[in-house]
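Working notes, beginning with the structure itself.
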Amino acid sequence: MAEQEGATESLNDTQQSSDQFVSHVVLTVGIVSQPCCLVLIGTAFATLVFGCWRAWVHHHAAPNGDDVEMTPFSLTHRHAMWIPVLSSCALLAMFFLFSYIQYVLLLSVLVSAVYSLNFSTSPFFPSASNARIAVMSVVVLSWLYTGHWVLNNMIAAAMCVTFLSHVRLPNFKICVTLLGALFVYDIFWVFFSSHIFGSNVMTEAADKRADNVAVRLAEKVAGKSFDSLARHIDLPTKFKVPADLFLPHQESSDQFIMLGAGDVAMPGLLLVLGMLSDTARSLHCIKKSPASLRMRELAESIGCILPVGFSRRRAPGKSTFHHHFYTTVGLIGYLVGLFSALVSSIFFQVAQPALLYLVPCTLIPMYVQGVRNGDDWQANDPDDEGIGATKDSSLPVSVTCV
């Protein structure tokens, strides 16, 4: 009799746990479908797409490596391994020394923001550089005095776009090294830093707000207080959206959902590599016809600067390579990874390292599909004389269509 009662209680506990799990899942899906989450996903995805396009424009405009200012900086294995180390040092500086370096950081952000906004919008207004700089300066000053989240996201997006245009990965192998190292970096600082430093270093550093000296100066000059201006301001190192966005029945709060700018910029390097590889193939595979001679000339000029990481080795009988293949796979994988990160963060009620989801969801599908199509991802490795030894990162790329 006692055994039967124990089995009944165990069954009831299991049923109760199952009901709680289902209700938690339903609640998580409901929260993820709220406007704030959709806006954050849309902002990150739009930044990634625009960044890839802007990088293509910048690579095409670079004069075959002759102009150092225009030529993108090509990463090596040594750079890929040092980036997480230097990022960790910067994170610790933000964590321990933010009150001492906040004004230097704010000044650096102001200069970088004006340049990034100007660079990102230059293809749309190529002949109005002075007017463009003036308008972007007004945008940055508006953000400085108001701290509005929309302006913050505009500047963060512009910085990501500028980064993707000025930095490139010469091949897929270095991309694996970089994203693999950042994968470990993100997991450590989010999940394990609290055991060493007593608190979550990543989230603490992300929540730091700089003292706004511009508002103080304005109040001193005017001789009165401006309550509507931001006395403390978040640095645009992250995308943020109010949790109560488009919810009129909710009381206004200061809670935001956030995504680090690095969670867009770093996977974006892989997406740019895939997009430029797709573009090179689509142009190099054009048949010799009078109507396509100009496009073939364009392909030859681009071939000197594109960091293509795959060498086409299509086996007989396989279909022609689709010119948007890697781009499509990468963008879909990024959406899946970002959605998974948000779901996990809401379900477990704890901050999640976004690269834990973004790296596998982008890197693995692109690699697997590249292998299935017979692409050699180890081609064009610049480190022929050891780690970091680049003979000439601007050598012409060999792309063949068999």
Side-chain angles (χ1 to χ4, degrees), residues 41 44-56 59 72 74-77 79-80 83 160 163-165 167-186 262-285 306-315 318-341 353-382 397-401:
I41 294 174
F45 187 74
T47 300
L48 193 61
V49 173
F50 181 74
C52 290
W53 173 82
R54 185 65 184 92
W56 186 92
H59 281 270
S74 185
L75 297 179
T76 65
H77 276 290
H79 298 134
I83 284 176
C160 290
F163 174 81
L164 293 177
S165 299
V167 178
R168 72 178 181 182
L169 292 166
N171 58 57
F172 193 76
K173 191 175 182 180
I174 294 180
C175 191
V176 172
T177 303
L178 175 62
L179 292 182
L182 290 174
F183 177 82
V184 177
Y185 156 88
D186 213 17
D263 298 325
V264 177
M266 292 306 174
L269 290 175
L270 173 62
L271 269 295
V272 170
L273 175 63
M275 183 205 64
L276 295 176
S277 300
D278 291 343
T279 303
R281 274 164 187 75
S282 65
L283 293 177
H284 275 276
C285 293
L306 286 182
V308 177
F310 298 90
S311 176
R312 187 63 176 154
R313 297 182 307 170
R314 182 168 59 87
K318 287 194 174 183
S319 60
T320 304
F321 187 86
H322 194 278
H323 66 281
H324 289 313
F325 180 78
Y326 287 113
T327 308
T328 303
V329 171
L331 289 175
I332 293 175
Y334 185 85
L335 276 179
V336 172
L338 184 56
F339 185 79
S340 301
L355 292 181
L356 171 64
Y357 307 90
L358 293 174
V359 170
C361 288
T362 55
L363 202 59
I364 295 176
M366 292 181 70
Y367 172 75
V368 170
Q369 295 299 332
V371 171
R372 288 180 60 188
N373 283 271
D375 294 328
D376 183 10
W377 61 273
Q378 300 188 52
N380 303 319
D381 192 342
V397 176
S398 175
V399 180
T400 59
C401 297

What pairs with P353 under side chain to side chain contact (heavy atoms under 4.5 Å, CB included), at least two apart in sequence or on another chain?
-> D186, I187, V190, F191, L356

Check side chain to side chain contact (heavy atoms under 4.5 Å, CB included) between C160 and all other residues, then give those that pass, not counting sequence neighbours.
-> T47, F239, A261, V264, A265

Can you tell me how far CG of L358 sits from CZ of F183, rounded to the nearest 0.5 angstrom?
-> 10.5 Å

Closest non-hydrogen atoms of T177 and A80, given as atom of the first, atom of the second and distance, are CG2-CB, 3.9 Å

CG of D278 to OG1 of T327: how many Å apart, nearest 0.5 Å?
-> 4.0 Å

Smallest heavy-atom separation, G51 atom then S165 atom, equals O-OG, 4.5 Å

Got a sec, which residues hit side chain to side chain contact (heavy atoms under 4.5 Å, CB included) with V49, two or more places apart in sequence or on another chain?
-> F45, L331

Spacing of CG belonging to L178 relative to CD1 belonging to I83, to within rounding of 0.5 Å | 5.0 Å

How far apart are the C-alpha atoms of L48 and L271, what are their side-chain angles, what is the distance that settles it, and do they pass the side-chain contact (heavy atoms from CB on, under 4.5 Å) test?
-> CA-CA 8 Å; L48 193 61; L271 269 295; 4.2 Å; yes

Please tell me if the side chains of Y357 and L338 come closer than 4.5 Å, counting only heavy atoms from C-beta onward.
-> no

Between L270, L269, D263, which is the residue that forms a side-chain contact (heavy atoms from CB on, under 4.5 Å) with M266?
-> L269

Does S277 reach the side chain of F325, with side-chain heavy atoms less than 4.5 Å apart?
-> no

Non-hydrogen side-chain atoms of W56 and M275 separated by less than 4.5 Å = yes

Within-4.5 Å side-chain heavy-atom neighbours: V167 and L75 | yes

Any donor-acceptor N/O pair, H79 side chain to T76 backbone, under 3.5 Å = yes

The single option from L273, L169, L179 that satisfies side-chain contact (heavy atoms from CB on, under 4.5 Å) with I174 is L169

Please name the pair of heavy atoms, one in P360 and one in P365, separated by the smallest distance, quoted to 0.1 Å.
-> O-CD, 3.3 Å

Between the CD1 atom in I332 and the OG1 atom in T362, the distance rounded to the nearest 0.5 Å is 12.5 Å

Check: L276 and H59 side chains under 4.5 Å, non-hydrogen atoms | yes

